[in-house]
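Each chain gets a letter, A, B and so on, in the order its sequence line appears, and its residues count up from 1. Only a predicted model underlies this, so the values are computations on that prediction, with no experimental measurement involved.
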2 protein chains.
Amino acid sequence: MSTIGNSQKGRKRRPRSHARPSAAAAALQGLRGARMTDVANLAKVSAMTVSRALRHPAIVDPETLKRIHGAIEATGYLPNRIAGSLASQRSNIVGLIVPSLRNSLFAETVKGVADTLGDAYDLLIADSGYVLDREEAAVAAFLSQRVCGIVLHNTKHTPRTRRMIQSAAIPCVETGNLVRCPIDMAASFSNHKAAYDMTAYLIGKGYKRIAFVSLPLDDNDRARERQSGYLGALKAHRRAIDRNIILESAPGLRGGAEALIELMKKRPRIDAVFLTGDVLATGALLEANRKGWRVPDDIAIAGSDDNELQEYVSPPLTSVRFPRYDIGCTAASMLLKRIDGVPSAERVVDLGFQIIPRAST
Amino acid sequence: MSTIGNSQKGRKRRPRSHARPSAAAAALQGLRGARMTDVANLAKVSAMTVSRALRHPAIVDPETLKRIHGAIEATGYLPNRIAGSLASQRSNIVGLIVPSLRNSLFAETVKGVADTLGDAYDLLIADSGYVLDREEAAVAAFLSQRVCGIVLHNTKHTPRTRRMIQSAAIPCVETGNLVRCPIDMAASFSNHKAAYDMTAYLIGKGYKRIAFVSLPLDDNDRARERQSGYLGALKAHRRAIDRNIILESAPGLRGGAEALIELMKKRPRIDAVFLTGDVLATGALLEANRKGWRVPDDIAIAGSDDNELQEYVSPPLTSVRFPRYDIGCTAASMLLKRIDGVPSAERVVDLGFQIIPRAST
DNA sequence: TTGAAAGCGATACCAG
DNA sequence: CTGGTATCGCTTTCAA
């Protein structure tokens, strides 16, 4: 019957070790590690009511709500989502895997996803380094973390990756290429068609010998699609295909510059180059400027993945614009719809692309 | 006494709704949602032994281990880290907050963190949009998620942000600027000194009227530090300070281009500009090229955050190089050390920077 | 080297 | 509108 207070009810148990760094300090600050029960005791309600106050405030008495919020404030309570997720069997974490965190292309998509997810969801990110096995490992890690959805940039996967995601039965959107048979859903554009259209555009402008440069095709389904789009356009227009002017290049400005140099050395008769991927086209253009090769008179240059830089160089680059930010937004919103149980319209969404003609061709 | 099998022991309970999408299908595939108990039953051991097999294989009998791995394979078991984290009171998720996911500067640091964390930790990422209140919200979300450590790019925070992190008592590294009093730890370089040194370098090259352009100082401690470094160098060299040639610019190539135009219009007598932040310097250089202003004869241009592009434009840009990738690596490794209980050496690590003189000055 | 029991902190369900 | 109770799936502890 002490008159000291009823603090008894609040803190009991915790017999396992878990040594909290000084219960005294915690009490002093009234902050460290308050649990829902602590809030409940302070507000003279049950933990359940606190839980409701947080999740469905509308069905809680306004007065009660006020007391609870006061208690939350006083204790510095931060809900434990680990416990919440375990109990409710649902998490609010979305996983995203890109081939490279460095590449600012992907940053656009990441930003679209993050913006669309908003405050209600958190974003787990991993980098597959363009390696399928690393993607698989990241997927396994994410599934262990029980993410509520996955966004993959890659559209080529190991069998186990597909199996794991399908078994987990969580929504998944692939964004790197418009695939016919997605694991689950896809939001993207057709790399094949983009390359086809750009090549056709160059042919239409009257260029006779058009070279093609991309990143290495190995494990890179996007690059592969683009090369096949280029080849398709040549065939459709009955142009000869010359394997000598089809290159795979290292990434970076230097990669593009070196590719151009090689092409000009080997086959001076080419009159146009389409460099797709990374910043290859910009690298080539800057190199042409340095060498004094006139663009487009000596050599026309077209790029892809349009950005502010391609618009600002001289001459500005003809390019294909991909809606990467929108793709991120769309991917996230497809995920959210599924999570919210909205009957899904389409599983594969084509966001298209746009050829931007400029002075370099 | 059925002779059908002992599958009885495996699947019982689960009376709450949680309707798993068809237990039959699950059984068929033998995959969906196996729990540790299921693995244990199949391997004829207790769940505890499975747990040990996963976490401390060395202390489990090799034969037992083999059976357990077989069972894991057969069931497609993926450990549930939510449950694991709740039980062990520790998570393996690190949280990272950058001002902008779009900016490739930050991508370097993100990559450094991700690479260093390796497979044992997952990375939660948020974007504060350069707004302190959004940083605070992200920190609250991360703490709710019970991250085991936090990396912040910002070094200016709301009081509540600091309080939350300190109360949570988890390791935290700030990376955007070398702060004297970090919340916990810091790994960075001095923005002040970098700007000071670059300004002094320009003075040493004989430039008389040096303009300064940065991103808006508002809520941006890095930009603030850089401006003060510039001012400090001018003072130290007894140069007059002219507020008319100190600009805050919008980001992007366009921002840099417009800043240069404004400076040339207003004060044609300036002979050098130091543009720091984003891609401002590159934008200015490209604009100078377009306008036919000779660099460095008409106007010298220096930048910061050196990258491949600054090296490739003509003339190549004098710049300051920041070790952003290393900063990410260092930040992550400081976090890991603390998590592993390694007695921490220094709380603040200065990674330095490097002035790269090129033809633009 | 292995197992049984008791939590971790929240939520679902049902009763009041 | 509110509370009691039984889990969620794993790890800690302690005993065998």
Side-chain angles (χ1 to χ4, degrees), chain A residues 9-20 32-41 43-68 72 75 77-92 143-146, chain B residues 9-20 32-41 43-68 72 75 77-92 143-146:
Chain A
K9 195 180 170 192
R11 296 278 179 181
K12 34 184 177 178
R13 84 177 178 335
R14 301 208 178 174
R16 284 216 257 173
S17 73
H18 292 336
R20 298 221 167 205
R32 181 141 15 196
R35 293 157 305 173
M36 195 175 263
T37 311
D38 302 326
V39 174
N41 291 157
K44 314 272 190 214
V45 294
S46 74
M48 258 326 293
T49 304
V50 176
S51 177
R52 283 194 201 94
L54 259 25
R55 224 151 297 288
H56 313 287
I59 64 167
V60 173
D61 183 278
E63 283 305 314
T64 313
L65 209 52
K66 208 172 295 171
R67 284 210 315 283
I68 292 175
I72 288 176
T75 53
Y77 173 69
L78 280 175
N80 184 330
R81 288 221 53 104
I82 294 182
S85 296
L86 180 61
S88 67
Q89 298 286 78
R90 76 177 86 258
S91 87
N92 67 331
L143 294 179
S144 259
Q145 220 64 255
R146 296 298 189 262
Chain B
K9 195 181 169 192
R11 295 276 178 182
K12 36 182 179 177
R13 84 179 180 331
R14 298 207 180 175
R16 282 217 257 173
S17 73
H18 292 334
R20 298 221 168 204
R32 181 137 21 193
R35 295 156 303 172
M36 195 176 263
T37 312
D38 302 327
V39 174
N41 290 157
K44 315 270 188 213
V45 293
S46 73
M48 253 331 289
T49 305
V50 176
S51 177
R52 282 194 200 95
L54 259 26
R55 224 151 296 291
H56 314 287
I59 63 167
V60 174
D61 183 279
E63 282 305 315
T64 312
L65 210 51
K66 208 173 296 170
R67 284 209 318 284
I68 291 175
I72 288 176
T75 53
Y77 173 69
L78 280 175
N80 183 330
R81 288 220 54 103
I82 293 181
S85 295
L86 181 61
S88 66
Q89 300 284 76
R90 77 177 90 254
S91 87
N92 66 330
L143 294 179
S144 258
Q145 221 62 257
R146 297 300 189 259

Q.
Can you measure A/Asn80 atom CG to C/dG9 atom C1' for me and round it to whole angstrom units?
A. 6 Å
Return the polar atom pairs (N/O with N/O) between nucleotides 1-3 of chain C and the protein under 3.5 Å, or none.
residue	atom	partner	partner atom	Å
C/dT2	OP1	B/Thr64	OG1	2.4
C/dT2	OP2	B/Asp61	N	3.0
C/dG3	OP2	B/Ser46	N	2.9
C/dG3	OP2	B/Ser46	OG	3.1
C/dG3	OP2	B/Thr49	OG1	2.5
C/dG3	N7	B/Arg52	NH2	3.2
C/dG3	O6	B/Arg52	NH2	2.6

Q) How long is the line joining CG of B/Asn92 and C1' of D/dT11, in whole Å? A) 14 Å
Q) What is the distance from CE of B/Met36 to C1' of D/dT7, rounded to the nearest Å? A) 18 Å
Q) Between A/Arg90 (CZ) and C/dA10 (P), how many Å, whole number? A) 17 Å
Q.
What is the separation between atom CG on B/Leu86 and atom P on C/dC8, rounded to the nearest whole Å?
A. 9 Å
Q) What is the distance, rounded to the nearest whole Å, between atom CZ of B/Arg146 and atom P of C/dG9? A) 9 Å
Q | Residue pairs, two or more places apart or on separate chains, that pass side-chain hydrogen bond (donor to acceptor under 3.5 Å, both in side chains) and touch residues 57-66 of chain A | A | none
Quick one: side chains of residues 47-59 of chain A, donor-acceptor pairs under 3.5 Å with protein atoms, not counting sequence neighbours, listed by atom name and distance.
residue	atom	partner	partner atom	Å
A/Thr49	OG1	A/Ser46	OG	3.3

Q.
Among residues at least two apart in sequence or on other chains, which ones pass side-chain hydrogen bond (donor to acceptor under 3.5 Å, both in side chains) with B/Arg81?
A. B/Asn92
Q. What distance separates A/Ile68 CD1 from A/Tyr77 OH, expressed to the nearest 0.5 Å?
A. 11.0 Å
Q.
Nearest heavy atom decides the nucleotide; on that basis, is B/Ala83 or B/His56 closer to the 5' end of DNA chain D?
A. B/Ala83
Q: Give a yes or no answer on whether the side chain of A/Asp38 reaches the backbone of A/Arg35 with a donor-acceptor pair at less than 3.5 Å.
A: yes
**Q.** Qualifying residues under side-chain contact (heavy atoms from CB on, under 4.5 Å), relative to B/Arg146, sequence neighbours excluded
**A.** A/Leu78, A/Asn80, A/Ile82
Q.
Nearest to the A/Arg55 side chain among C/dT11, C/dA10, D/dT11, which nucleotide is it?
A. C/dT11
Q | Bend angle of the helix from C/dT1-D/dA16 to C/dG16-D/dC1, from helix axes over five pairs at each end, nearest 10° | A | 20°
Q.
Distance check needed: D/dG9 P versus B/Leu54 CG, whole Å only.
A. 16 Å
Q. Roughly, in whole Å, what's the span from CD in B/Gln89 to P in C/dA10?
A. 10 Å
Q) Nearest heavy-atom pair of A/Ser144 and B/Pro79: which atoms, and what distance? A) OG-O, 2.8 Å
